Amino acid sequence: MKYISTRGQAPELSFEEAMLSGLARDGGLYLPQSIPQLSHDEIAALAGQSYEVVAFRIMRPYVGEAFTDDEFRGIIARAYEGFGHAARAPLKQLDSGHFLLELFHGPTLAFKDFAMQLIGQLFEFSLKRSGNRVCIVGATSGDTGSAAIEAFRGLDAVDVFILYPHGRVSEVQRRQMSTPSEDNVHALALTGHFDDCQARVKDMFNDFAFRDTVGLAGVNSINWARVLAQVVYYFTSAVSLGAPHRKVSFTVPTGNFGDIFAGYIAKRMGLPIDRLVVATNQNDILHRCLSGEGYMPDGVIPSISPSMDIQVSSNFERALFEAYDRDGAAVAQLMDELKAGGFNVSQGALQALRENYDSGNCSEDETRATIGRVTQQSAELLCPHGAIGVKVADEQRNADVPMITLATAHPAKFPAAVEEASGIHPPLPDRMSDLYERSERITRVDNDLGEIETLIKERTGN
Ligand SMILES: *Cc1c(COP(=O)(O)O)cnc(C)c1O
């Protein structure tokens, strides 16, 4: 299996190479050259299997020669053994025909653990084999960073630097990044927004001298291996509701478009998905774009669902690449226009996007009201991100097709917002109940590429 860049100008890579490099050298994102198909019978045979068995069958065709079957099975087993639920991604019923996919039983209580724990094991295996060392740099609106630090802390061949927007992540998110005491972990609080953090990470990847000196590797959702890991739970959940014998729909709280794009891949692999619904908070650029208003970032307004406070949605580039029939030059042109302020999607591409994605948005008041309503009606305490999904799903679902809404984080990750909306204080699971007592380690940085690069070089001895 070869991987190609969405901008058409970077060398084709193997799975392992694409995973270790993250962003392509032409600024694009890697995608498999073709999407493997599962037959009706192969999908039916996933019913009743463990999460790990399904993960192996779904991901195996993508990794090619990089690992033997046994090595890959071992990697998957180690990735998910630290989860607090035997089913890994259990499904709960909210209402007739509406289900909640709980993706928050990993070590940092958000769905990012599904991909990051796997990537940690994949990196560890590859780097041990090659004897190389990498420097992982990532941007986070809160959950990616904590998941990355948890996945890579203490690994020998890896340093991890995470940029997060100072003062704009929840206390639990910050503490999950700042309390690990291992020397290879560095939490950097940047003066700015998440989009600034993401832009500086992209700048570092485009500074080839720096990139090669420190051995930069990326684990943001631009990394194909992360998208791939997220394809698995679309299969486990759909099959447990009767797929492939009947269709299911999904609603996905969306920011960087990684999780919903994984749903698109599942559909392309043969899973009978009726509708994929993008749910946004008040930063609804994706909803506006899918509604035909063009892609025009106009500034982030902080919300109670901070992991979705994004205006430059990096994985949307992959969806555009597909909608433009894999025309890398057309995508490169759009991304140039984006740097200059925004772009319009062609009629043909917009139609292609709408064939695959529906969308809706959710205000702050609606988010709080949904948390309160669902607590009353279904005794389920939602985090604000999951609540956005439930609100949009309820508007869009129909009686014939079961709707699965992705619950992307545990309510205890956002205790203030949840308590205000529901009157219930969500306790942390026992295994992390001392989080508020552990001591913190944070470095403040300005939104300045030179300053950040110097710090990373110093800390990695380059
Ligand atoms: C990252 C995140 C999202 C958004 O996911 P994308 O893949 O970036 O669209 C939604 N909810 C939570 C809790 C998250 O951490």
Side-chain angles (χ1 to χ4, degrees), residues 29 100-116 138-150 162 164-165 168-170 172-174 176-177 194-195 197-198 219-231 233-234 250-266 276-281 283-287 289-290 300 303-319 357 359 361-362 367 371 382-392 405-415 417-418 426:
L29 280 61
L100 197 67
L101 182 58
E102 291 188 349
L103 299 176
F104 50 69
H105 295 286
T108 68
L109 307 180
F111 83 91
K112 305 285 196 308
D113 289 322
F114 278 90
M116 212 61 86
T140 188
S141 53
D143 293 330
T144 299
S146 46
I149 284 175
E150 190 61 39
I162 298 296
Y164 70 89
R168 296 183 197 277
V169 300
S170 82
V172 175
Q173 290 175 320
R174 191 193 70 233
Q176 285 179 336
M177 294 189 276
F194 168 69
D195 286 336
C197 299
Q198 186 159 259
V219 296
N220 271 107
S221 58
I222 51 177
N223 193 309
W224 166 255
R226 279 192 53 194
V227 176
L228 177 60
Q230 293 166 192
V231 176
Y233 46 69
Y234 286 89
F250 289 91
T251 300
V252 186
T254 306
N256 248 331
F257 216 82
D259 211 7
I260 186 120
F261 191 76
Y264 163 83
I265 295 291
L276 281 169
V277 184
V278 170
T280 71
N281 67 16
N283 297 295
D284 60 353
I285 187 165
L286 289 165
H287 172 58
C289 180
L290 291 166
V300 169
S303 76
I304 57 171
S305 46
S307 305
M308 295 160 66
D309 286 346
I310 291 170
Q311 290 273 302
V312 183
S313 179
S314 54
N315 274 288
F316 195 50
E317 180 167 342
R318 288 191 163 109
Y357 306 102
S359 67
N361 59 5
C362 182
T367 307
I371 294 173
L382 296 172
C383 100
H385 309 77
I388 288 164
V390 168
K391 182 262 179 185
V392 172
T405 295
L406 274 51
T408 48
H410 193 288
K413 226 167 167 179
F414 306 93
V418 171

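Numbering of ligands and ligand atoms starts at 1, following listing order. In this text the structure is predicted, and so the values were computed from the model without any measurement.
- Side chains of Ser307 and Lys413: a donor-acceptor N/O pair is absent below 3.5 angstrom, by distance only.
- Annotation: side chain of Val278 is not in contact with side chain of His287 (no heavy-atom distance under 4.5 Å).
- Taking the side chain as every heavy atom from C-beta outward, Val300 and Phe194 never approach each other to under 4.5 Å.
- At least one side-chain heavy atom of Ile371 sits less than 4.5 Å from a side-chain heavy atom of Pro384.
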Could you give the N/O to N/O pairs under 3.5 Å linking ligand 1 and the protein, each with its distance?
unit_1	atom_1	unit_2	atom_2	d
ligand 1	7 (O)	Gly258	N	3.3
ligand 1	7 (O)	Asp259	N	2.9
ligand 1	8 (O)	Asn256	N	2.8
ligand 1	9 (O)	Gly255	N	2.8
ligand 1	9 (O)	Asn256	N	3.2
ligand 1	9 (O)	Phe257	N	3.1
ligand 1	11 (N)	Thr408	OG1	2.8
ligand 1	15 (O)	Lys112	NZ	2.6
ligand 1	15 (O)	Asp143	OD2	2.4

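- Annotation: ring-ring contact (aromatic ring centres under 6.0 Å, His included) contacts of Tyr233 (sequence neighbours excluded): Phe114.
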Ring pair (Phe, Tyr, Trp, His ring centres under 6.0 Å) assessment of Phe257 paired with Tyr357:
CA-CA 11 Å; Phe257 216 82; Tyr357 306 102; 5.1 Å; yes
